[in-house]
Protein chains: 2
Amino acid sequence: MAHLIKEIGRFQEFLQKQGLKLTGERTALLREIFSTHYHFEADELLFKMKEKGAKISRATVYRTLELLVKSGMVRRVHLGEDHYHYEHVTGNSHHDHLICTTCGGVIEFNDPILEERQHEICAKKKFTPTFHNLQILGVCDSCTKKGEQPDAPDRVQMIQTASLRLRK
Amino acid sequence: MAHLIKEIGRFQEFLQKQGLKLTGERTALLREIFSTHYHFEADELLFKMKEKGAKISRATVYRTLELLVKSGMVRRVHLGEDHYHYEHVTGNSHHDHLICTTCGGVIEFNDPILEERQHEICAKKKFTPTFHNLQILGVCDSCTKKGEQPDAPDRVQMIQTASLRLRK
DNA sequence: GTCTGGACTGAGACTCAGTCTCAACTAACA
DNA sequence: TGTTAGTTGAGACTGAGTCTCAGTCCAGAC
């Protein structure tokens with residue numbers, strides 16, 4: 001778990017700069033996030049902590065996630081439409097998501113050409129970008145092989161949330 | 001308002017196919033959406049209807065929006081992170097959004113090169129896309145001219161919701 | 001050692017968008 | 001007129017996320 005020491009150090013450094021403290025609860029959450037989860041929800045994290053016997057409240061989970069997002073170590077993403085998901089940031093790799101509306105699976109990708117084109121569009125519109133968010137919804141290879149049909153495009157907006165919920 | 005007759009006709013046709021009826025409430029909502037709103041929230045629409053003296057309940061607003069989305073005449077988009085926004089669809093033009101985190105303004109764009117690249121990425125990953133969603137957050141030209149500074153990229157995720165709320 | 005101020009915590013109340021339920025209503029049609 | 005099925009409003013409900021507040025912790029000051 002040598003890499004977790006590094007992550008904890010980074011978080012502590014960030015906290016100290018703000019006059020904040022690295023507490024037992026914060027460390028426990030950090031460990032949980034970086035050792036097992038990848039994409040997760042706040043309440044799922046809370047549940048996992050309780051399962052492990054750690055007494056950590058909802059409020060602390062949300063407060064700590066906020067700090068982790070501010071520190072840049074965790075990203076807020078939305079894979080469905082209805083509420084936030086989180087993912088920890090390892091290294092610095094920005095990426096976007098392909099989301100299978102059938103199985104709820106998430107495929108990450110990072111495409112420099114796409115990023116470059118976005119910058120060109122912003123330049124043309126005299127818009128200074130700071131952050132972007134791209135989700136492509138559809139059906140993944142393995143679901144296609146199982147014979148799943150992609151939903152009609154008009155319908156995907158209505159069903160995507162339901163599909164993602166199935167995954168829990 | 002000749003174009004509204006066309007819209008109402010399209011909606012009625014959709015409803016009839018499902019054995020549903022075009023009621024006064026549904027017509028009133030359709031008129032409101034297509035005559036004045038562009039990007040709007042469900043509760044904002046409800047408020048506008050009440051302001052005009054139309055007695056329409058929250059449940060009916062949500063139910064009608066769901067039908068309109070299913071019919072393809074209205075799209076659900078998320079401009080901020082916290083809840084849905086809706087936009088009516090005129091013609092068939094798909095587009096994405098540049099969202100100013102300072103003034104909450106929304107600029108639409110449609111870029112075939114970007115779309116094409118997304119399809120290439122999906123093909124490479126053997127993913128069958130049905131729908132996508134791209135928001136680029138940043139600072140628009142007029143805010144930049146007013147001297148607004150873009151927020152540090154790490155922070156944008158935390159502030160975007162708040163900024164959009166200011167716009168109401 | 002103990003004081004003190006400020007950060008931290010858990011419990012639970014609260015908010016707010018969105019959903020659901022249910023009884024009353026309405027339109028279509030035999 | 002009776003039947004059937006879709007529609008509606010009111011308000012209860014849900015669930016993610018936020019806020020409040022009293023109590024706890026802890027590092028530095030005395």
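Proteins get letters first, then strands, A, B, ... in listed order; numbering begins at 1 in each.
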**Prompt:** For the side chain of Thr130(B) and the backbone of Leu137(A), is there at least one donor-acceptor N/O pair under 3.5 Å apart?
**Reply:** yes
**Message:** So if I define the base as every atom that isn't primed, P, OP1 or OP2, how would nucleotides 19-30 of chain C read as a B/S/- string at a heavy-atom cutoff under 4.0 Å?
**Reply:** BBB---------
**Request:** Return the set of residues passing salt bridge (charged side-chain N to carboxylate O under 4.0 Å, His left out) with Glu25(B) (not counting sequence neighbours), or none when no residue passes.
**Result:** none
**Request:** Could you pull out all residues at least two apart from Lys52(A) that satisfy salt bridge (charged side-chain N to carboxylate O under 4.0 Å, His left out)?
**Result:** Glu32(A)
**Prompt:** Given dA10(D), is OP1 or OP2 found less than 4.0 Å from the side-chain N or O atoms of Ser57(B)?
**Reply:** no
**Message:** Nearest whole Å is fine: how far is dT18(D) C1' from His83(A) NE2?
**Reply:** 16 Å
**Request:** Could you check how far CD of Glu44(B) sits from P of dC16(C), rounded to whole Å?
**Result:** 16 Å
Please list every donor-acceptor pair under 3.5 Å in which a side-chain atom of residues 118-127 of chain A meets a protein atom from a residue at least two apart or in another chain.
from      : atom 1 : to        : atom 2 : distance (Å)
Gln118(A) : OE1    : His132(A) : ND1    : 3.2
His119(A) : ND1    : Glu115(A) : O      : 3.0
Glu120(A) : OE1    : Arg117(A) : NH1    : 2.6

**Request:** May I have the distance from Asp43(A) (atom CG) to dG17(D) (atom P), rounded to whole angstrom?
**Result:** 7 Å
**All salt bridge (charged side-chain N to carboxylate O under 4.0 Å, His left out) counterparts of Lys145(B), not counting sequence neighbours** = Asp141(B)
**Request:** Return the value, rounded to whole Å, for the distance between atom CZ of Phe47(A) and atom P of dA16(D).
**Result:** 13 Å
**Request:** Give the rounded distance in Å between these two atoms: CG of Leu22(A) and C1' of dC8(C).
**Result:** 12 Å
**Message:** So, does Thr60(B) get its side chain near the phosphate of dT7(D), meaning an N or O under 4.0 Å from OP1 or OP2?
**Reply:** no
**Prompt:** In whole angstrom, what separates Lys50(B)'s NZ from dT8(D)'s C1'?
**Reply:** 14 Å
**Request:** Check the distance between dA11(C)'s C1' and Ile56(A)'s CD1 and give it to me in whole angstrom.
**Result:** 15 Å
**Message:** Run the salt bridge (charged side-chain N to carboxylate O under 4.0 Å, His left out) test against Arg58(A) and tell me which residues pass, sequence neighbours left out.
**Reply:** Asp43(A)
**Message:** Can you measure Glu41(B) atom CD to dT15(C) atom C1' for me and round it to whole angstrom units?
**Reply:** 15 Å
